[in-house]
Amino acid sequence: MKKNFYVTTPIYYVNDVPHIGHAYTTIAGDVIARFKKLKGDQVFFLTGTDEHGQKIERTARNAGEEPIELADRVVLRFKNLWEKLNITNNDFIRTTEERHKKAVEEIFQRIEGIGDIYLGEYEGWYDVRNEAFITETQLEEYMSLPESTRPPIEKVKEESYFFRLSKYQEPLLEFYEKNPDFIQPSYRSNEVTRFVEGGLKDLSISRTSFSWGIPVPGNPKHVIYVWFDALANYLTAAGFPNDMERFNEVWPADIHLVGKDILRFHAVYWPAFLMSAGLPLPRKVFAHGWWTVEGEKMSKSLGNVVDPYKVADEFGVDVFRYFLLREIPFGQDGDYSRNAIIGRINGELANGLGNLVSRSLGMIEKYCESKIPEHASLEPSDENIKERAIQTVQQVEGAINEIAFHKALTAIWDFIAIVNKYVDESAPWSLAKTGKRERLVTVLWTLAESLRVIAILIYPFMPKSAEDIWKKIGIPQPLESHHYSHAKGWGAVKSGWQIDKGENLFPRYQDK
Ligand code: ME8
């Protein structure tokens, strides 16, 4: 039976204009989803939009429209982006959907039912941009930030429902201890543990000073705090509470991918809500790092927000996907710049992979009438390529399972370099000249076989390029119908397949 695998990205604030930070989390999710599908798992990959809360209500009012009108108008910015970037999400959840309202009400009532919600008064600060309550300890931290980088905060005093978060301090610490891989990377896990050890205060989970949200069941003067509402999206999409049969198959999530800025919500509040509601906890929360642009924080006021539509149009979707996951180890912060992208295109993509594909197929075209040849007996140099290919397949699998995308890509490109070197050393053009036909066809066959393996390996990262290579080699069935393990089965390319060299995959980029 197929194993279920549930991967999520955050649901993005619907009024945000998508930037590379959003694209980053979603592309990472897509790599995992595509990889797991190739491995034969039944994948459920979720993304969507977060549509309630004070920030969206204000933006809508300022534009003279109803919040739902705003949401309906702008949600396509995200939906269309995912289509453009070749994202294979199975569902797109909007928190304004009826199915979600039901799920939020249900989980609120379950938590209330066991006595973990009480009515009180919240007096303190609120950060509208991040929809976050600021505690006294955080206030100090916050005031120490340079003024230009501080989101504006407002004093709030209102009746509020509270969640007994304090009750879950010990259970959470115990859970982290028993599940050391729950929060990753491990340095983030330490940060979260220290935060929880520092003491947890009960959390305000409703607001009364605005109305754009899901009303508290039985007390519609209150709307449910937007983070309580948003986190529950992961349950809604899995079928909670309408289709518990499906829910029990899909839940718990195998991995929540998030940015480091929202790790606390996912690794502290979210498991506490679930513990209280008596539901299983997600298996892993992975927090990635933060992108700056040409060394600066990306912000609307600086006018340096990088538009993923434009990057994809200028450089190509696969180049963008490759760049984001290759440039920085997943988990750490990194910097985006045009020069860095161009460097990767001209180096690893044009000279590395692009060159290998075009020279290999060019020679099959020239010396074998565009047909994959039959090989003769393999020599040590050919066997070496086979062994390195099998090793690479294993390394890539290990790296993706560790969520270390850059390691996977490095391993693939090391293999590409080895194969390029093999071409130089075996010099098929000299073999042709000197009439060593058996050697020539064996080298060319080995190259075609290497390209097949490379196509499978790059598929989760660069699906379009992988399929292009696949078609160029003339493999009859679509790549997606293959299993990842086929990458290890050396010897699958068949003599007689018609190749089609076509255009260069990655032409060198010349900046105007
Ligand atoms: O936080 N670099 O949504 P959001 C890397 N609605 N990642 C970045 C980034 C940057 N410069 N800027 C943003 C929310 N991100 C909530 C989530 S989930 C139940 C609710 C990432 O639209 C950020 O880290 O503000 C986060 O993972 C994602 O974009 C969502 O941003």
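Only a predicted model underlies this, so the values are computations on that prediction, with no experimental measurement involved. Side chains included, hydrogens not; waters and symmetry mates left out as well; all remaining heavy atoms used.
Taking the six-membered ring for Trp and the full ring otherwise, His406 and Phe330 have centroids separated by 6.0 Å or more. Aromatic pair His482/Tyr459: ring centres not closer than 6.0 Å. Between Tyr234 and His256, the distance separating the two ring centers is shorter than 6.0 angstrom. In this structure, Phe247 has its ring center closer than 6.0 angstrom to the ring center of Phe240.
A side-chain donor-acceptor contact under 3.5 Å links Asp335 to the backbone of Glu294. At least one donor-acceptor pair closer than 3.5 Å links the side chain of Arg452 to the backbone N or O of His486. Judged purely by atom type and a 3.5 angstrom limit, Asn304 uses its side chain to pair as donor or acceptor with the backbone of Ser299. Distance alone, capped at 3.5 Å, places no donor-acceptor pair between the Asp500 side chain and the Lys472 backbone. Using a distance-only test at 3.5 Å, with no hydrogens or angles considered, a donor-acceptor pair links the side chain of Asn233 to the main chain of Ala230. Side-chain atoms of Asp50 never come within 3.5 Å of backbone atoms of Tyr12 as a donor-acceptor pair (strictly under, hydrogens ignored). With hydrogens and angles ignored, the 3.5 Å screen pairs a side-chain donor or acceptor of Trp470 with a backbone N or O of Gln477. Looking at Asp333, its side chain does come within 3.5 Å of a backbone N or O of Trp290 through a donor-acceptor pair. Remark: side-chain polar atoms of Asn90 are paired, donor with acceptor, to backbone N or O of Phe45 under 3.5 angstrom. Here the side chain of Lys36 pairs no donor or acceptor atom with the backbone of Val43 at under 3.5 angstrom.
Side-chain contact check for Glu397 versus Asn401: some heavy-atom pair is nearer than 4.5 Å. The shortest side-chain heavy-atom distance between Leu505 and Ser358 does not fall under the 4.5 Å cut-off. No side-chain heavy atom of Tyr176 sits under 4.5 Å from any side-chain heavy atom of Ser189. Using a 4.5 Å heavy-atom cutoff, the side chains of Glu177 and Glu174 are not in contact. Side-chain contact between Leu279 and Ile107 is present, with at least one heavy-atom pair separated by less than 4.5 Å. Looking at heavy atoms from C-beta onward, Phe182 lies out of side-chain contact with Lys284 at the 4.5 angstrom threshold.
No more than 12 heavy atoms of other residues, nucleotides or ligands lie within 6.0 Å of NZ in Lys407, so this atom counts as exposed by the packing criterion. Surrounding CD of Gln498 are more than 12 heavy atoms belonging to other residues, nucleotides or ligands, all under 6.0 Å away. More than 12 heavy atoms of other residues, nucleotides or ligands shown are found within 6.0 angstrom of NZ on Lys3. Residue Glu365 places its CD atom among more than 12 non-hydrogen atoms of other residues, nucleotides or ligands, all under 6.0 Å distant.
Using a 3.5 Å distance cut-off with no hydrogens or angles, the side chains of Asn89 and Thr47 do not pair a donor with an acceptor. A donor and an acceptor atom, one from each side chain of Tyr13 and Glu51, are nowhere located under 3.5 Å apart. For the residue pair His375/Thr442, the side-chain donor-acceptor check at 3.5 Å is not satisfied.
Closest heavy-atom contact between Ser465 and Phe506: OG-CZ, 3.6 Å. The shortest non-hydrogen separation linking Tyr6 to Ala237 is OH-CB, 4.2 Å. Across Ala492 and Trp497, no two heavy atoms sit closer than the pair O-CH2, 3.6 Å. Residues Val258 and Pro10 come closest through the heavy atom pair CA-CG, 4.2 Å. The two residues Met275 and Leu281 have their closest heavy-atom pair at CE-CD2, 3.8 Å. Closest approach of Leu85 and Ala23 over heavy atoms only: CD1-CB, 4.0 Å.
For the atom pair CH2 of Trp413 and CG of Asn420, the computed distance is 11.5 Å after rounding to the nearest 0.5 Å. For the atom pair Ser337 OG and Ile342 CD1, the distance stands at 8.5 Å (nearest 0.5 Å). Taking CD1 of Ile473 as the reference point, atom CG of Leu451 lies at 5.0 Å (rounded to 0.5 Å). Within the model, atoms CG of Leu431 and OH of Tyr367 stand 9.0 Å from one another, a figure rounded to the nearest 0.5 Å. Of the inter-residue distances, the one linking Asn384 atom CG with Lys386 atom NZ reads 12.0 Å to the nearest 0.5 angstrom. The distance from the OH atom of Tyr322 to the CZ atom of Phe405 is 14.5 Å, given to the nearest 0.5 Å.
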Step-by-step side-chain hydrogen bond (donor to acceptor under 3.5 Å, both in side chains) determination, Asn80 to Tyr309 = CA-CA 9 Å; Asn80 292 345; Tyr309 283 99; 4.9 Å; no
### side-chain hydrogen bond (donor to acceptor under 3.5 Å, both in side chains) assessment of Asp30 paired with Thr88
CA-CA 6 Å; Asp30 192 53; Thr88 53; 2.6 Å; yes
*asked:* What verdict does the ring-ring contact (aromatic ring centres under 6.0 Å, His included) test give for Trp270 and Phe265, after you've listed the backbone C-alpha separation in whole Å, the side-chain angles of each residue and the deciding distance to 0.1 Å?
replied: CA-CA 6 Å; Trp270 180 226; Phe265 295 95; over 10 Å; no
Step by step, would you call Lys102 with Asn242 a side-chain hydrogen bond (donor to acceptor under 3.5 Å, both in side chains)?
CA-CA 8 Å; Lys102 277 193 83 174; Asn242 285 341; 3.0 Å; yes
*For Arg99 and Asp243, what are the C-alpha separation, side-chain angles and deciding distance, and is it a salt bridge (charged side-chain N to carboxylate O under 4.0 Å, His left out)?*
CA-CA 11 Å; Arg99 58 171 173 160; Asp243 184 352; over 6 Å; no
- Going through the checks in order, is the salt bridge (charged side-chain N to carboxylate O under 4.0 Å, His left out) test met by Arg194 and Glu191? CA-CA 5 Å; Arg194 274 197 303 273; Glu191 281 169 26; 5.6 Å; no
Using the side-chain hydrogen bond (donor to acceptor under 3.5 Å, both in side chains) rule, take Ser450 and Tyr422 through it: C-alpha gap first, then chi angles, then the decisive distance, then the call. CA-CA 11 Å; Ser450 303; Tyr422 165 79; over 6 Å; no
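Tyr484 does not carry Lys39 over the face of its six-membered ring by the limits of under 6.0 Å from the centre and within 45° of the normal. A cation-pi geometry, defined here as NZ or CZ lying under 6.0 Å from the six-membered ring centre and within 45° of its normal, holds between Arg246 and Phe44. A cation-pi arrangement is absent between Arg264 and Tyr269 under the rule of less than 6.0 angstrom and at most 45 degrees off the ring axis.
The pair Glu97-Arg94 does not count as a salt bridge, with every side-chain nitrogen at least 4.0 angstrom from each carboxylate oxygen. Between Asp254 and Arg283 there is a salt bridge, since at least one side-chain N of the basic residue sits less than 4.0 Å from a carboxylate O of the acidic one. Checked for salt-bridge contact, Asp41 and Lys37 miss the test: no charged N lies under 4.0 Å from a carboxylate O. A salt bridge links Asp424 to Arg359: at least one charged side-chain nitrogen sits closer than 4.0 Å to a carboxylate oxygen. Ion pairing between a basic and an acidic side chain is recognised when a charged N comes within 4.0 Å of a carboxylate O; Arg388 and Asp414 show no such pairing. A salt bridge between Asp382 and Arg439 is present, with a side-chain N of the basic residue lying under 4.0 Å from a carboxylate O of the acidic one.
Note: Tyr336 and Phe323 have perpendicular aromatic rings, judged against thresholds of 30 and 60 degrees for the angle between ring planes.
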